[in-house]
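So that the names make sense, note that chain A is the first sequence line, chain B the second, and so on, each numbered from 1.
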Amino acid sequence: MPPAEIPAPGATNFIHEIIEADLRAGKNGGRVHTRFPPEPNGYLHIGHAKSICLNYGIAKKYNGKFNLRFDDTNPTKEDQEYIDSIIEDVRWLGADWEDRLFYASDYFEQLYEFAIKLIKKGKAYVDHLSAEEIREYRGTLTEPGRESPYRNRSVEENLALFEQMRRGDFPDGTCVLRAKIDMASPNLNMRDPVLYRILHAEHHRTGNTWCIYPMYDFAHGQSDSIEGITHSICTLEFEDHRPLYDWFLDELEIYHPQQIEFARLNLTNTVLSKRKLLRLVRDGHVRGWDDPRMPTISGLRRRGYTPEAIRDFCERIGVSKSNSIVDIALLEHCLRQDLNLRVPRVMAVLRPLRVVIENYPEGQVEYMEAVNNPEDPAMGTRQVPFSRVLYIEQDDFMEDPPAKFYRLAPGREVRLRYAYFIKCVDVVKDARGQVVELRCTYDPATRGGDAPDGRKVKATLHWVSAAHALQAEARLYDHLFLKANPDDVEEGQDFTANLNPNSLEIVPNCWVEPSVAGAAPGTRYQFERIAYFCVDPDSTPEKLVFNRTVSLRDKWAKIAAKGE
RNA sequence: UGGGGAGUGGCCAAGCGGCAAGGCAACGGUCUUUGGAACCGUGUACCGUAGGUUCGAAUCCUACCUCCCCAGCCA
C-alpha cells in the first residue's frame, strides 16, 4: 500500500498531529512542504527509506510538495556516483520530487551573502585559532568554553578577511568563519560554531569556483528556508542543533521552517550506519553496495525486494521519538505479503535427487497444466513437461522417516504437483552408501493429482523433468549478522566479530522448469515450497543465477528443529 | 556531577484523566494438489521506580532510576 494511495485524513503519528494542528491554525497559509536532504557520500539504506516515506507520504497526504535536495557541503567526501545512486533509489521507492531536485551547492552564493550579513551585524568573525585550539577553547560538557582572542575583530577586518578566504589567499586550515554566540552555553552547538572552513577541493558540482565551504549547520536550515520547507523533519541527533538553526534564521530574518525530530530506524541482525556499511564494502565482507545481503536500497532491490514491500514496512513501523530496534522479521513479513499476491510460481529443484518412473514409457513427454499463481487466477496457467526421469528435492526423501515426515520414503506414495501420484519402490545407492537415485512407479489414473478411488496422500512434492530443466545457480542469503544487535561484542572486538559466516550459500547445480528461460534480471518467482527468488544481473542465457529473496515460512523446518 | 531526548507485553506502537488498540514474533488449531497462503484461537501488560493530586492516572505533579545524543574546520 504505497503512501501515495492513502490520502485518508487523520493523524497516524505525532508528526501528522503537529502538521494537522498547524493546518488548523492556518500556519503557512495551509501549505505543506517537505524534503529529503541526503548528503551524497554513501548509498541509501532502509533507514533512509523510512525518512523518504515519511516526508513524501506527508506531502501526498496533505496535498503538499516534496523536494529532493542534496546537502553537498563537503566536497572531500562526496561524489557524483552517490548522487546518481540516490536519485535512482528515491525514484525507485516511488517518491516524486517533480521538478524540484536541488542542491545546497545551488545556494553557495546566497549562503555567502548570509555570512556577510552576520559579519555586518557583528554576529560572526574570522578566527585564526587552529583546529586543536578551537577544540581546547570550546570547553567540555561540564565546563564553559573560552572566547577566542580573535573574537572581537572589527566588522571591517572580518569582512576583509572573509573576502580573502573566499579569494583563496589562505591555505586550508588557516582560519574559519565563526558565529559569535555564547562560549558559555550549555549547548555546545552554541559555543561559536564554525560557519565556513577553507577547503581547496574541487566540488563535484561547483568545480573550483569555491575554496571555502559552509558547514552543514550553516547550510541546512537556510536551505530549507530558501525552499520554503514548512516542516523540516530530521532525526533525533539534530535536536540540540535546533536552537542554532533558529538563531541563524532569526538573525538572518528569513522564513522559518519548523524542525521536527524523530527516531532513526534500527533493524535487528544488520547495521544501518554509513560508516559501518562502508566498512563492510571496503573490507570485502560483502561484494559491494548492492550486495543482496546489504540493507542498502540497491542491495534490497537486487535481492528482490519491491518498493511496495518497503513502503508497507515503513508504514507499519510507525514514527516516534524513542530509540528502537525493529525486528527484521517484520520487513520479511511485509515482503512475503507483497510477493505472495503478485509473483508467479514455478518449480525448481535446488539439491536434485534423480527419480526414474519405471512404468512410464521411455521417450514420452506430457505437458501438465500448472497454475501460475493460486492467489490470482488472472495470472493464468502454463505447461510443464513431465517425463520418465525427474529430479526432486533431496530433502523430500528420507530412507528412514521420522514420525511427522510426510514426504517420500521407501514404499510410500506422494503426489507430484500437477502430475501423478508416485510410489517409491527402490532406493539406489553409491559405493559410499549415499542415495543417488529413486526408482518409483506412477499411477496413470492419478493424472492431475487426484486418485479416482479416493485414496489420499499426505504430501505434494515439486519436481522438474530432467530432460527439460534449465541449469541454474542459486544464491541463498541469510542475515548478515548472527546477533540481533551486531554491536553486542566482547571487549576489544567490533561488530564484524558478529558477521554471519554463512550469510551467503551458493548452490551451483539447481534445475528449474523451462518456462523461466530468457527471464530478465530482476524477474521474480516463487520456487514452490522453497522461497521467493529473483534473477540476478550475473545471470546469463547459459547459466541462470537466482537470488533467494526470502524463504517461504516453513512449518516442517520448525518441527524438524524441535526434534533436535 | 552541563544541555537535549526517551522509557507501554519478546520486538515495534496506539493511548492526550474514566477503568491498556493494532502489527510482528511465539504457541495451538482449521483448511489445503505449495507442511505456502488463508482462517480461528492463545498473553492476569501491576504502562521505568517511589510518592502525591483526584471519586478515578499509562495519561497531571514531585523525586529518583535506566538508556540514547552532544566536546568534527563531518553530516
Could you check how far [atom1] of [X] sits from [atom2] of [N], rounded to whole Å?
X	N	atom1	atom2	result
A/His128	B/rC73	NE2	P	16 Å
A/Phe397	B/rG35	CZ	P	18 Å
A/Ile317	B/rG22	CD1	P	20 Å
A/Leu416	B/rU34	CG	P	13 Å

Pick base, sugar-phosphate or nothing for [X], based on heavy-atom distances below 4.0 Å to the nucleic acid.
X	value
A/Ile325	sugar-phosphate
A/Val319	sugar-phosphate
A/His241	base
A/Phe238	base
A/Val194	sugar-phosphate
A/Leu129	base
A/Met347	nothing
A/Thr73	sugar-phosphate
A/Lys458	nothing
A/Phe405	base
A/Tyr418	base

Pairing partner (Watson-Crick or G-U wobble, both distances under 3.5 angstrom) of [N]:
N	result
B/rC11	B/rG23
B/rG2	B/rC70
B/rC39	B/rG29
B/rA58	none
B/rU49	B/rA63
B/rU34	none

Between [N] and [X], is there an OP1 or OP2 to side-chain N/O distance shorter than 4.0 Å?
X	N	result
A/Arg197	B/rG72	no
A/Arg138	B/rC73	yes
A/Lys558	B/rG35	no
A/Gln259	B/rG4	no
A/Lys321	B/rC12	no
A/Thr142	B/rU1	no
A/Arg135	B/rG72	yes
A/Arg345	B/rG36	no

Would you mind telling me which of A/Tyr213, A/Phe218, A/Phe114 makes a ring pair (Phe, Tyr, Trp, His ring centres under 6.0 Å) with A/Phe108?
A/Tyr213
Side-chain donor/acceptor contact of [X] with base of [N] under 3.5 Å:
X	N	result
A/Asp240	B/rG3	yes
A/Glu239	B/rC68	no
A/Arg407	B/rG35	yes
A/Glu375	B/rG36	yes

Measure from the side-chain heavy atoms of A/Arg417 and tell me the nearest of B/rC27, B/rU34, B/rA75.
B/rU34
For B/rG72, glycosidic torsion class - syn if within 90° of 0, otherwise anti
syn
Provide the distance between the two [atom1] atoms, one in [N] and one in [M], to the nearest whole Å.
N	M	atom1	answer
B/rC12	B/rA25	P	15 Å
B/rG4	B/rA13	C1'	24 Å
B/rU1	B/rC65	P	8 Å
B/rA20	B/rG29	C1'	28 Å
B/rG22	B/rC60	C1'	27 Å
B/rC27	B/rG43	C1'	11 Å
B/rU34	B/rA45	C1'	38 Å

Under 4.0 Å between a Lys/Arg side-chain N and an Asp/Glu carboxylate O for [X] and [Y]?
X	Y	answer
A/Arg407	A/Glu393	no
A/Glu528	A/Arg417	yes
A/Lys276	A/Asp487	yes
A/Asp72	A/Arg205	no

Is the centre of the A/Trp463 ring less than 6.0 Å from the centre of the A/Phe386 ring?
yes
What about A/Tyr216 and A/Phe238, are their ring centers closer than 6.0 Å?
yes
Take A/Gly318 and A/Arg447, find for each the nucleotide of RNA chain B with the closest heavy atom, and name the residue whose nucleotide sits nearer the 5' end.
A/Gly318
Relative to the 5' end of RNA chain B, which residue comes earlier, A/Gly173 or A/Pro186, by the nucleotide with the nearest heavy atom?
A/Pro186
Regarding A/His204 and A/Gln80, do their side chains bring together a donor and an acceptor under 3.5 Å, going by distance alone?
no
